[in-house]
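Chain identifiers are assigned alphabetically (A, B, ...) following the order of the sequence lines, protein sequences preceding nucleic acid strands; residue numbering begins at 1 within each chain.
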Amino acid sequence: MEIPKTYDKNREAQIYERWEKSGYFRADARSEKTPYTVMIPPPNITDKLHMGHALNNTIQDIMVRFKRMNGYEALWVPGTDHAAISTEVVVMKELAKQGITKETLGREGFLEKLWEWNEIYGGKIISQLKTLGSSCDWDRQRFTMDDGLSDAVLEAFVRLYEEGKIYRGERLVNWCIKCGTSISDAEVEHEDRQGHLYYFKYPVAGTSDFIPFATSRPETMLGDTAIAVSPKDERYAHLIGKTAIIPVADNREIPIIADHYVEPEFGTGAVKITPAHDPNDFEVGLRHKLPCINILNGDGTVNENGGKLCGMPREAAREKVIEAMTALGLYIKTDTITHAVGAHDRCDTIVEPLVRLQWFVKMDELAKPAIEALESGRLKFNRERFAKVYMNWLNNIRDWCISRQLWWGHRIPAYYCDCGHVMVQKTAPAACEKCGAASLAQDNDVLDTWFSSALWPFSTLGWPEKTPELEKFYPTDILVTAQDIIFFWVVRMVFMGEKFMGKTPFTHVLINGIVRDEQGRKMSKTLKNGIDPLEIIEEFGADVLRLMLVSGNAIDSDTRFFRERLEPARNFLNKLWNATRFVMMNLEGLGYRDCKIASLDGFGVEDRWILSRCASLTAEVTEKLETHEIGLAVQKIVDFIWDELCDWYVEMAKPRLYGRESEDSRRTAQITLCNVLNTAFKLLHPFCPFITEDLYLALGSTLGGASDGGELGETIMRSAWPAVSAELIDPSAEKAIERVKEAVRGIRAVRTEKQVPPSQKIAVVIVPADSQAKELFTSTKAALALLSGAGEVSVHEPSAAAPTGAVSVVASGATIYLPLDSLVDSEKERARLTKEKKRLEQEIERIDAKLGNEGFVAKAPQAIIEAEREKRGNFAAMLVKVEEELRGV
RNA sequence: GGGCGCAUAGCUCAGCUGGGAGAGCGCCUGCCUUACAAGCAGGAUGUCGGAGGUUCAAGUCCUUCUGCGCCCACCA
């Protein structure tokens with residue numbers, strides 16, 4: 001049988017295609033099995049997927065595949081997000097290259113372009129997810145703007161409106177002058193920037209007095225409607241109630257008021273109040289019933305309220321105001337300060353607070369069940385600190401501005417009549433229900449993209465229809481996402497889920513870290529440091545990428561992407577490939593059609609050892625996956641396969657496989673290898689789905705195409721997860737093999753020290769510590785010989801005398817003699833044994849100190865104390881042997 | 001202003017509920033041993049950031065300091 005020496009990664013595509021064709025990814029709403037549901041965080045159709053998506057989707061796939069093999073009706077719903085503003089910006093940029101603007105195309109024409117874009121990028125994303133191996137149920141693929149989800153959005157909007165939880169009002173919103181739309185608080189990024197703090201003074205009407213103040217935005221003087229001072233501030237007490245004059249605004253007079261918002265220590269202790277352009281001032285304005293003068297247009301230019309400055313951009317207007325005030329002798333000074341300014345997260349333009357008529361979701365009542373969900377434990381985060389982030393946001397939540405002055409998105413279902421009546425309903429009304437007029441205008445705005453994603457866990461299952469899917473698969477089990485969208489998305493899904501479904505949309509939130517570049521920077525388009533997952537998959541295969549992404553990192557911490565980190569992953573898969581290849585080459589004459597083990601009769605101690613280790617591994621990996629400790633789970637699998645299985649057991653089995661021992665022993669080695677490999681394939685399958693499928697099927701067909709209820713049958717992904725077989729766990733076999741390993745390591749070390757080449761087979765004499773050890777070394781003689789490069793191994797009686805002219809190695813179960821004749825140098829032997837003696841004495845001393853400590857003996861757990869005593873006994877016995885040897889040298 | 005994270009071998013990082021410091025890469029030595037040189041065997045390397053504390057026992061828990069990084073926030 002010809003099997004290539006390395007795994008062919010190009011087979012991944014075929015394997016995926018077969019899975020898809022066979023319907024293995026489908027979940028059935030009518031199944032009797034317990035559901036396990038995961039909703040993909042729908043990637044934005046702005047671009048193809050990046051490395052962060054690769055990690056995020058790998059984690060989801062691991063959980064889904066794990067649960068599917070565990071007998072759950074596992075459903076992973078895939079889909080994409082229209083990403084309102086982000087996509088609109090990207091498409092506008094593309095169109096600009098052709099000299100087209102959205103205005104020239106008109107609303108209809110522009111939306112057509114966006115749907116075309118969606119065809120291309122939505123498709124790319126889906127094909128990337130498939131390349132990665134994602135086992136999504138593609139029959140259920142959704143898009144946030146498809147008909148069903150759009151209907152859900154309308155339904156949610158109308159219901160919230162009817163309950164008074166959505167309202168329209170003039171509020172101060174974050175306005176992006178570049179995008180020409182309002183944005184939510186969450187979309188504003190604060191950063192410290194250098195700026196100026198300008199000091200001016202206004203004359204106080206009817207007096208010769210002036211009131212000084214500081215501002216970082218002088219142009220807003222045009223919209224000032226008061227000057228506020230602290231009620232406790234004696235300096236200005238006499239001015240309260242008087243009016244100040246704004247010379248640059250046609251000498252408009254504004255009241256001087258007292259408000260606790262003012263900090264007397266900052267600036268001059270007096271603050272100009274511009275309710276239309278500052279959130280604090282807006283609040284002050286409400287308290288004092290001040291007028292609100294909006295001085296800016298949506299594009300950032302000064303409007304008609306700015307008088308002579310009308311039409312001027314905000315920066316230019318600022319200069320003009322400063323000039324004018326200086327000319328009037330009302331300028332005092334300028335300080336340089338660093339202060340936090342808000343910028344739009346999509347375009348980095350400084351956000352302008354503006355009063356606008358917008359739609360809002362009233363958050364106070366909606367937030368309560370979301371807070372309660374976490375407090376009651378219905379909702380859990382993988383790390384406590386993420387729960388804190390979630391809580392902090394909810395406890396300080398403000399109303400959510402949901403209207404956006406864009407075209408790409410769900411258009412707000414509000415219809416306006418000239419008579420002033422407003423109708424909010426799912427379908428356009430034929431006429432005004434109040435005055436009967438037929439000419440109605442729909443609201444021009446669309447909804448914040450997160451409004452539709454907030455409904456994702458149930459809108460994807462058919463809500464508001466009562467579908468069997470919704471009944472079966474909601475609520476979902478786990479949400480895997482990154483920390484940066486806890487407020488944007490996680491919080492909102494929770495309160496919408498609580499609101500419309502009466503249930504928390506998921507029980508576990510698994511926050512994964514960010515994939516950074518090798519310098520630890522975030523991968524971004526501007527830095528051009530992004531790495532395309534497809535390129536990596538092309539070169540190494542999806543299994544290698546997946547393995548690398550989840551290895552060697554805690555799931556919640558950020559990880560750096562190095563190409564060098566791919567190699568260990570590739571090497572490991574190559575190791576597994578070759579180990580399997582080796583086993584398959586040695587299966588001749590087995591005569592079994594599967595690899596089940598009914599009884600351990602006739603199995604060697606090394607067989608029982610590896611089966612025991614494999615059973616422990618199964619238990620550990622299962623437990624780690626249940627608790628979402630993915631990195632720890634995969635590490636255990638890799639260590640087991642490479643170290644215990646390949647480096648020890650396979651080597652130990654060789655003499656038996658090569659037919660140098662009995663036919664029965666060969667068969668038990670074969671069956672053990674098949675059994676352990678089969679388990680290893682399954683445990684590794686969620687992480688590396690392709691290679692494990694290939695090997696599982698190859699091993700199955702070598703055994704004769706066994707078909708016993710799916711085992712080694714048609715696909716690994718629908719096979720049963722290995723059962724945790726407690727009966728296979730055998731501490732005595734594990735202890736025994738540890739003794740053999742210790743002996744082998746001792747011999748190898750001596751060989752290296754004496755520079756005996758591997759080709760030189762040396763004789764080994766073993767004097768076991770007791771009769772049990774004698775039996776052990778007798779039965780593993782051939783394996784030990786192979787592992788230590790020995791020509792002949794003879795096991796003597798426990799009481800046998802030491803051979804002369806030999807190097808001795810004292811191990812736990814035996815003293816081993818290597819008759820190396822000419823190589824033996826008694827000086828060196830004495831030194832070596834003395835060193836060993838010292839080491840043992842130190843160990844014993846350390847344990848004695850511990851056991852001599854009253855506190856330890858009184859308070860430490862019994863098992864810990866016992867283990868220390870046992871170790872001491874072992875060291876003491878070895879010390880006696882070493883001293884004996886020392887006397888003989 | 002508030003909150004959080006990180007600091008462990010030359011590098012990148014594991015180390016879950018406290019019980020004798022680990023992996024990969026790199027480095028040194030020797031090997032093409034009939035599965036694998038993408039490999040095998042042997043080896044060197046750490047006051048687990050500093051200082052206190054709790055405990056029989058601290059990389060692990062508490063306090064504090066230092067240095068990086070992140071998030072939230074309306075000081076004009």
Side-chain angles (χ1 to χ4, degrees), chain A residues 3 5-6 172 185 190 197-198 213-217 220 228 261-263 265-274 278-283 337 339-340 342 353 383-386 388-389 392-393 396 483-484 486-487 514 518 520 522 551-554 556-560 562 564-565 567-586 623-624 627 629 631-632 635 638-639 646-647 650-651 654 658 744-745 748-753 755-759 761 786-789 843 846-847 850 853-861 863-865 867-868 871:
Chain A
I3 308 167
K5 276 194 170 186
T6 53
L172 200 67
D185 293 337
H190 293 271
L197 187 61
Y198 304 92
F213 59 89
T215 178
S216 59
R217 293 186 300 159
T220 60
Y261 151 66
V262 181
E263 292 282 342
E265 286 77 33
F266 191 88
T268 66
V271 186
K272 62 191 257 337
I273 301 297
T274 323
D278 184 277
N280 288 312
D281 294 7
F282 187 78
E283 295 295 320
I337 53 161
H339 59 156
R383 296 289 184 270
E384 194 55 37
R385 65 175 198 274
F386 300 131
K388 282 186 190 166
V389 171
N392 186 46
W393 173 262
N396 298 298
Q483 192 185 349
D484 55 352
I486 290 178
F487 331 118
I514 292 170
E518 51 187 286
K522 229 170 166 173
S551 297
N553 257 102
D556 58 309
S557 64
D558 293 357
T559 177
R560 298 190 193 191
F562 294 90
E564 297 73 49
R565 283 185 55 195
E567 282 172 25
R570 178 199 59 185
N571 295 353
F572 168 70
L573 294 184
N574 185 242
K575 187 80 186 174
L576 179 64
W577 177 262
N578 279 292
T580 309
R581 189 165 71 100
F582 170 76
V583 171
M584 293 198 302
M585 289 187 309
N586 285 284
E623 194 259 328
K624 292 301 171 206
T627 52
E629 294 289 348
L632 296 181
Q635 197 54 55
V638 170
D639 288 348
C646 293
D647 290 349
V650 168
E651 296 302 314
K654 278 180 179 173
Y658 294 160
V744 169
R745 285 200 195 100
R748 282 171 175 172
V750 169
R751 293 186 63 122
T752 301
E753 189 188 312
Q755 298 187 330
V756 181
S759 50
K761 304 295 172 205
L786 188 134
L787 287 162
S788 58
E843 293 285 10
R846 189 188 58 76
I847 294 173
K850 221 171 182 180
N853 182 331
E854 279 178 37
F856 177 75
V857 181
K859 295 185 178 173
I864 302 280
I865 298 171
E868 290 295 324
K871 271 186 264 177

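Ranking B/A76, B/C56, B/G42 by closeness to the A/K859 side chain, first place goes to B/C56. Looking at the side chain of A/N392, the nearest of the listed nucleotides B/G42, B/C75, B/C72 is B/C72. Taking every side-chain heavy atom of A/P861 into account, B/G19 is the closest of B/G19, B/U12, B/C74. For A/K575, taking side-chain heavy atoms from C-beta onward, the closest of the listed nucleotides B/A76, B/C40, B/G42 is B/C40. Side-chain proximity of A/E651 to the nucleotides B/C36, B/A41, B/G19 is greatest for B/C36. When distances run from any side-chain atom of A/A340 to the nucleotides B/A73, B/U33, B/A14, the shortest one goes to B/A73.
A/R846 has its CZ atom 14 Å from the P atom of B/G19, to the nearest Å. Atom CG of A/N280 is separated from atom P of B/A73 by 13 Å (rounded to the nearest Å). The nearest whole Å value for the distance from the CG atom in A/D647 to the P atom in B/A35 is 14 Å. Rounded to whole Å, atom C1' of B/G69 lies 12 Å from atom CD of A/Q483. If you measure from atom CG of A/N396 to atom C1' of B/G2, you get 10 Å, rounded to the nearest angstrom. Distance CD (A/Q635) to P (B/C16): 14 Å, rounded to an integer number of Å. Between A/E753 atom CD and B/C28 atom C1' there is a gap of 16 Å when expressed in whole angstrom units. Straight-line distance from the CG atom of A/L576 to the C1' atom of B/G39: 15 Å, rounded to whole Å.
Closest heavy-atom contact between A/I847 and A/K871: CD1-CB, 3.9 Å. Between A/F856 and A/K850, the shortest heavy-atom distance links the atoms CD2-O, 3.3 Å.
Here A/F487 lies in heavy-atom contact (under 4.0 Å) with sugar-phosphate atoms only. Nucleic acid contact class of A/R751 (heavy atoms, under 4.0 Å, all strands): none. At the heavy-atom level, A/K5 lies under 4.0 Å from the strands shown only through sugar-phosphate atoms. When heavy atoms are screened at a 4.0 angstrom cut-off, A/A858 is found touching no nucleic acid atom at all. Counting non-hydrogen atoms under 4.0 angstrom, A/R570 reaches a base of the nucleic acid. Using a 4.0 Å heavy-atom criterion, one finds that A/P353 contacts no nucleic acid atom at all. If you check every strand for non-hydrogen atoms under 4.0 Å, A/K654 touches a base. Nucleic acid contact class of A/S557 (heavy atoms, under 4.0 Å, all strands): sugar-phosphate only. Among the heavy atoms of the strands, none lies under 4.0 Å from A/F572. Within 4.0 Å (heavy atoms only), A/K388 reaches sugar-phosphate atoms of the nucleic acid but no base atom. Using a 4.0 Å heavy-atom distance criterion, A/P568 is classed as a sugar-phosphate-only contact. Note on A/N553: only backbone sugar-phosphate atoms sit closer than 4.0 angstrom, heavy atoms only; bases stay farther off. If you check every strand for non-hydrogen atoms under 4.0 Å, A/E384 touches nothing. Here A/D278 lies out of heavy-atom contact (under 4.0 Å) with every strand.
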Side chain to side chain contact (heavy atoms under 4.5 Å, CB included) between A/T274 and A/R217, intermediate numbers included:
CA-CA 10 Å; A/T274 323; A/R217 293 186 300 159; over 6 Å; no
Step by step, would you call A/K575 with A/V638 a side chain to side chain contact (heavy atoms under 4.5 Å, CB included)?
CA-CA 10 Å; A/K575 187 80 186 174; A/V638 170; over 6 Å; no
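With hydrogens and angles ignored, no donor-acceptor pair closer than 3.5 Å exists between the side chain of A/E629 and the base of B/A14. With hydrogens and angles ignored, no donor-acceptor pair closer than 3.5 Å exists between the side chain of A/K850 and the base of B/C56. Taking 3.5 Å as the limit, the base of B/C56 and the side chain of A/N853 contain no donor-acceptor pair of atoms between them.
The gap from the P atom of B/U45 to that of B/G10 amounts to 11 Å, rounded to the nearest Å. When the C1' atom is compared between B/U47 and B/G59, the two are found 13 Å apart, to the nearest whole Å. When the P atom is used for both B/U55 and B/C16, the distance is 23 Å, rounded to whole Å. The C1' atoms of B/G15 and B/U60 are separated by 9 Å, rounded to the nearest whole Å. Rounded to the nearest Å, the gap between the C1' atom of B/A51 and that of B/C40 is 47 Å. The same atom, C1', is picked in B/A57 and in B/A73; the two are 44 Å apart, to the nearest Å. The gap from the P atom of B/G42 to that of B/C48 amounts to 28 Å, rounded to the nearest Å. Here, B/A58 and B/C68 have their P atoms 31 Å apart, quoted to the whole Å.
The residue among A/F562 and A/R748 whose nearest nucleotide of RNA chain B lies closer to the 5′ end is A/F562. Closest-nucleotide positions on RNA chain B for A/L632 and A/E564 were compared, and the one nearer the 5' end corresponds to A/L632.
A/D558 places a side-chain N or O within 3.5 Å of a backbone atom of A/I514 that can act as its donor or acceptor partner. Looking only at distances, a side-chain donor or acceptor of A/R748 sits under 3.5 Å from a matching main-chain atom of A/L787. At least one donor-acceptor pair closer than 3.5 Å links the side chain of A/N578 to the backbone N or O of A/N574.
Distances shown here put every side-chain N or O of A/H190 at or beyond 4.0 Å from the OP1 or OP2 atom of B/C71. Taking 4.0 angstrom as the limit, A/N571 places a side-chain polar atom (N or O) nearer than this to OP1 or OP2 of B/G39. The shortest distance between the side-chain N/O atoms of A/K522 and the OP1/OP2 oxygens of B/G69 is not below 4.0 Å. Taking side-chain N and O atoms only, A/H339 has a distance below 4.0 Å to OP1 or OP2 of B/A76. A/R560 has a side-chain polar atom (N or O) that falls below the 4.0 Å cut-off from OP1 or OP2 of B/C13. Taking side-chain N and O atoms only, A/Y658 has no distance below 4.0 Å to OP1 or OP2 of B/U33.
Annotation: side chain of A/I865 is not in contact with side chain of A/E868 (no heavy-atom distance under 4.5 Å). The shortest distance between side-chain heavy atoms of A/T6 and A/R570 does not fall below 4.5 Å.
Inspection of the A/R565 and A/T559 side chains reveals an N or O donor paired with an N or O acceptor under 3.5 Å.
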Secondary structure of RNA chain B in dot-bracket form (Watson-Crick or G-U wobble, distances below 3.5 Å, | marking inter-strand pairs)
(((((((..((((.....[..)))).(((((.......))))).....(((((..]....))))))))))))....
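Within the model, atoms CH2 of A/W393 and CG of A/D185 stand 6.0 Å from one another, a figure rounded to the nearest 0.5 Å.
Ion pairing of A/R383 with A/E629 is present here, as a side-chain N (NZ or NE/NH1/NH2) and a carboxylate O approach within less than 4.0 Å.
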